[in-house]
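Reading through the structure tokens given below for one structure.
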There are 2 protein chains.
Amino acid sequence: MKRKITLKQIARELDVSISTVSKALRNSAEISDDTKQKVQAFAKLYNYRPNNIALSLKNRKTNTIGIIIPEIVHHFFSKVIRGVELVANNRGYNVIVGLSNESFSKEVINMEMLANGSIDGFILSISKETQQLQDYHHFNETMSQGMPIVMFDRVVSDINCDKVIVDDLNGARNAVEKLIKNKCKSIALITTKDYVSVGKLRTQGYLDALEKHQIQPKAELILKIDDTLDYETHLEALEKEIEQLFKSNKNIDGIFAVNELYALSAMKVARKLGLDIPNDIQVIGFTDGVLSKHSTPSLTTVSQHAQQMGEKAADLLINKLENKIETEEEEFQTIVIETELIERESTK
Amino acid sequence: MKRKITLKQIARELDVSISTVSKALRNSAEISDDTKQKVQAFAKLYNYRPNNIALSLKNRKTNTIGIIIPEIVHHFFSKVIRGVELVANNRGYNVIVGLSNESFSKEVINMEMLANGSIDGFILSISKETQQLQDYHHFNETMSQGMPIVMFDRVVSDINCDKVIVDDLNGARNAVEKLIKNKCKSIALITTKDYVSVGKLRTQGYLDALEKHQIQPKAELILKIDDTLDYETHLEALEKEIEQLFKSNKNIDGIFAVNELYALSAMKVARKLGLDIPNDIQVIGFTDGVLSKHSTPSLTTVSQHAQQMGEKAADLLINKLENKIETEEEEFQTIVIETELIERESTK
DNA sequence: ATAAGTCACGAAAACGTTTTCGTGTTAAAA
DNA sequence: TTTTAACACGAAAACGTTTTCGTGACTTAT
């Protein structure tokens, strides 16, 4: 088991100084062609590669970015990671991931773990718990130490940093307008409790669409799910609630759900109640994941372009890292990614 | 924008030496209580945290592990990552991800990028292209430099390293036996081309089960899909092939598919042909992803315990890293994760 | 023959730690 | 009073780089 070779070893072996080796490898004009050739040949033979850690220390730059997300087993977030990884790699950066698991303390710990020199900047989407607690000190501290942050999807407006968000409001509005155009008269909304920023915006989009078409929103058509529960394990509870919604409102002919699972559950319940999709009820979901595509009937849904979000976020962060020309009074951007309604079988 | 504070700055500020500060913070007995208190208070005030990069350089240990996977937008792999992250974090390690995107060269590049000091060891699952090319020099080189590797799921038997694998053969056999016990007389197999190691093993499991029950395997019941195509985009092609299978073999009453998507497509085609699941045809898939759980009918499937695989892999790697007592003649383990048949609506 | 200039290289500092060893001061023991 | 021991701290090396600056040996021009 041979250790990785270092400049020092090459220098000793060739009986020159470390500086000479370093310069020779970087093709400095200071070094004679003879020596360069000798050194480069030797380095190649022993497969020399500069030690990244040493470079990071010297340059005070790690060329690594940290991404912290609430959950990785999730189509949306993994697509974002893919986007981040793609541009990060192309631009010479590595990506280190931290999972907050929707917990505030894990988010804080993860950030502290990485902020001590391991990375140059953060890309993150905040956890539900953080959204509830509204405790953002860790973001402020990190930024005050000169480490840039880019937030995506679940952002917090109080924090001044670059952001990449989905146009949740318009996405929702377009979806609901689609239902309205498709002659739905009684459109229900299945959403989350209001503290989830994106849930709130999508709810607002639903309301906007109704208002625009002079439809009176009815409270009994709005189902707010408590998603602090892990809904994967509380599937029946979810379905019960939806079934209740249907039974109390027999005239529902359209459903807009703020995520895939709610939409799928709605379809399942509808089928159970003998309703045909899309003839009796039309359904639109949010987030273009695998479920939407492969369900039967396949689900019309609002795509968020997750990968593109990741790409934008990474570009934003790396631009900031590389333009540290101390612009003073830095300016922060918010990039809005437009949604796209992907029409499938669950709507007419 | 204040930079992170360093030992040197604290030392200058308090008019002591760097060594004294360092020792005081680590509560060394060499330092007087007075000085310790002074230093510790100051450090706390300025929120001092040792610079990770400097520590890594000094200790020749980064406390970071690299994981390289073919694809992150994939339920199985993201679950593995979650497992890795979980134990890595608990044991004080960070995780840095690289995506090979099923490409040999990206796999190599990613490994080289990380092997230069950024990480202490690898966890990886090899890309399809690497499996085809059978070029494993990058693994050997990495290991010969003293960097341990743990392979999971898609492993290569020629390489001597720790491994975590799924019992694909038995998982498949059990699934097919389940179909046999459920009175299926004509069981079809939908699998991949043979170079994918796991596909091969699952195919073998299918054959074993048939043989055990004295059923003659028929070539026309075995459909081998070329999955170098991205099947997400070639869905229709896939369905066409399956439809052909059904039409040429009208008596098929059981399907075993080596992944979720094949199984789902089979169900879709069956439904289209007017067949009832599970009464006319029973279906079992492999990999317990979201699709299996939320499809209608929900899919009986072979679960691989992906998260557990990730956990085991991480434990294996970290154990190796921390027991570098130079056991000489090191020994490598292969941990086999047993599968579990999760019965749902697609079987009787 | 001397001054000036070029060439090829080495010494050393720096990045931020930890740790070994040395040393001056004070207190205890002879 | 002198020797020894304990105490509290600092200097320096090391991890592996890059880069600035200095310098000796030539070469060229005066």
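In what follows, every chain begins at residue 1, and chains take the letters A, B, ... in the order their sequences are listed.
Taking 4.0 angstrom as the limit, B:Arg60 places a side-chain polar atom (N or O) nearer than this to OP1 or OP2 of D:dG16. OP1 or OP2 of D:dC9 has at least one side-chain nitrogen or oxygen of B:Ser32 nearer than 4.0 Å. For D:dT17, neither phosphate oxygen OP1 nor OP2 lies less than 4.0 angstrom from any side-chain nitrogen or oxygen of A:Lys8. For D:dT17, neither phosphate oxygen OP1 nor OP2 lies less than 4.0 angstrom from any side-chain nitrogen or oxygen of A:Arg26. Phosphate proximity of C:dA8 to A:Lys23: absent, as no side-chain N or O sits under 4.0 Å from OP1 or OP2. Considering only side-chain N and O atoms, A:Ser22 lies under 4.0 angstrom from the phosphate OP1 or OP2 of D:dT18. Between B:Arg49 and C:dG16 there is no side-chain polar atom (N or O) within less than 4.0 angstrom of OP1 or OP2. Contact between the side-chain N/O atoms of A:Thr35 and the OP1/OP2 oxygens of C:dC9 is found at a separation under 4.0 Å.
Between B:Leu7 atom CG and C:dG16 atom P the separation is 10 Å, expressed in whole Å. Here D:dG16 presents its P atom at 16 Å from NZ of B:Lys61, a figure rounded to the nearest Å. Whole-Å rounding puts the A:Glu30 CD to D:dG22 C1' distance at 11 Å. Between B:Ile53 atom CD1 and C:dT18 atom C1' the separation is 16 Å, expressed in whole Å. Whole-Å rounding puts the B:Leu55 CG to D:dG16 C1' distance at 15 Å. For A:Ile31 and C:dC9, the CD1 to C1' distance is 6 Å, given to the nearest whole Å. Counting to the nearest Å, the P atom of C:dT17 and the CG atom of B:Leu25 are 9 Å from each other. Look at NZ on A:Lys4: it is 16 Å from C1' on D:dC15, rounded to the nearest Å.
Relative to the side chain of B:Ile18, the nucleotides C:dC9, D:dC15, C:dT18 differ in distance, and C:dT18 lies closest. Here C:dT17 is the nucleotide among C:dC21, C:dT17, C:dG10 with the atom lying nearest to any side-chain atom of B:Asn51. Taking every side-chain heavy atom of B:Thr6 into account, C:dG16 is the closest of C:dG16, D:dT17, C:dG10.
Comparing B:Asn59 and B:Val16, the nucleotide of DNA chain D nearest to each residue sits closer to the 5' end for B:Val16.
A salt bridge links B:Arg82 to A:Glu71: one of the charged nitrogens lies within less than 4.0 Å of a carboxylate oxygen.
The neighbour count for B:Tyr136 OH, taken as heavy atoms of other residues, nucleotides or ligands under 6.0 Å away, is above 12.
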Applying salt bridge (Lys or Arg N to Asp or Glu O under 4.0 Å) to B:Glu102 and B:Arg154, what does each step give before you reach the verdict? CA-CA 12 Å; B:Glu102 302 286 10; B:Arg154 303 189 197 158; 3.0 Å; yes

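Between B:Phe76 and B:Phe152, the ring planes are tilted. Angles from 30° to 60° get that label.
Judged by distance alone with a 3.5 Å cut-off, a donor-acceptor contact links the side chain of B:Ser19 to the base of D:dA11.
The CG atom of B:Leu25 sits 12.0 Å away from atom NZ of B:Lys44, with the distance rounded to the nearest 0.5 Å.
Inspection of the A:Asn47 and A:Lys4 side chains reveals no N or O donor paired with an N or O acceptor under 3.5 Å.
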